[in-house]
Amino acid sequence: MEMHSQAQTQCNHNPRPVEGDMTLNSESAEILAANANTVFSNPLLASEALSQVPQPPSGCSTIFYTRQSIPEDLLRWCFNLVKTNLYDQYVAAKDTGWSDNSKWKEMSEENTLYLLVRGAEADVATGSVQIGRASDALGQQNTEDLLGFMSFQFTTEESGGAAEEGGSAEEIAVVYCYELQLIATARNRGIGAYLMKILEKLGQRYGMRKSMLTVFKSNEGAIRFYRNLGYDLDHISPGKAMDPRRARRISYEIFSKSLRFE
């Protein structure tokens, strides 16, 4: 779900992993996010970056797509899974509501990246993440093997620190999880934690200060899951940034986790 500010940027700088901690201003944060987007728009660079992520749970394989490379029917499958899992919560949230058009537009944003997990067949490698292509289609796959997906972006967000002190908020580079959705039979198998580990590893590698996500307050199971992974309310979350009376009227919270550079 998307309930946060975004900065869409382009940059021709040479993309590379970031070594060591950095003190970032808003301009350098935009450059870091743009560099990461440049990497993952290039299949060869993306393949190299994804070769160093954790191994999937037993019996699973993982496929990476950009928004440009994911086939429309596969994107539609992801959209339908979001609707199946979260429609009732969107409708119950008076400050959000559900719109097919709005959700499709959000999931179709240019810099959105996708990791799809499927049950591994005998002839499918389960190790490194595969790079998907626009020629892939659900008609060539067994749709019953699809277990879930994560969508995410490298972007910028308000740091929260300056705003708390009454100053102008500084932008920091973050990796933002838009969706983490699994079919019912794929839950409690370690797949969600595996995808979050990939998110955090990629965020670390390309200099993101935080890993962030938005979750409905009513989704207590998801909140427990993220807290167990070390996430907590971010400074810009309604529960932290607003007075309690206003915050109670907001249906969601924003969680984050600091990414320490290795």
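- With sequence neighbours left out, Tyr231 forms a side chain to side chain donor-acceptor pair (under 3.5 Å) with Glu200, Ser211.
- Thr84 is linked by a side chain to side chain donor-acceptor pair (under 3.5 Å) to nothing, counting only residues two or more places apart in sequence or in another chain.
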Notebook entry, point to check: Would Tyr206 and Phe40 satisfy ring-ring contact (aromatic ring centres under 6.0 Å, His included), going step by step from the backbone distance to the final call?
Noted result: CA-CA 11 Å; Tyr206 292 99; Phe40 288 94; 5.7 Å; yes
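- With sequence neighbours excluded, the residues forming a salt bridge (charged side-chain N to carboxylate O under 4.0 Å, His left out) with Asp232 are Arg227, listed by chain and number.
- Listed by chain and number, the residues in a salt bridge (charged side-chain N to carboxylate O under 4.0 Å, His left out) with Asp100 are Lys83 (sequence neighbours excluded).
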Next item on the list: Evaluate the side-chain hydrogen bond (donor to acceptor under 3.5 Å, both in side chains) criterion for residues Thr156 and Glu30: first the C-alpha distance (whole Å), next the side-chain angles of each, then the deciding distance (0.1 Å), finally the verdict.
Entry: CA-CA 6 Å; Thr156 63; Glu30 291 181 0; 5.2 Å; no
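- We find the CZ-CG distance between Phe154 and Leu113 to be 6.5 Å, quoted to the nearest 0.5 Å.
- In this structure a side-chain-to-backbone donor-acceptor pair under 3.5 Å is missing from Ser237 to Asp234.
- The 12-atom threshold is not exceeded at CD of Glu220, counting heavy atoms of other residues, nucleotides or ligands nearer than 6.0 Å.
- Listed by chain and number, the residues in a side chain to side chain donor-acceptor pair (under 3.5 Å) with Arg67 are Glu72 (sequence neighbours excluded).
- Applying the side chain to side chain donor-acceptor pair (under 3.5 Å) rule to Asn188 yields no partners; only residues at least two apart in sequence or on another chain are considered.
- Between Lys257 and Gly230, the closest heavy-atom pair is CG-O, 3.8 Å.
- Distance alone, capped at 3.5 Å, places no donor-acceptor pair between the Glu157 side chain and the Ile172 backbone.
- Across all non-hydrogen atoms, the minimal contact from Leu213 to Met196 is CD2-CE, 3.9 Å.
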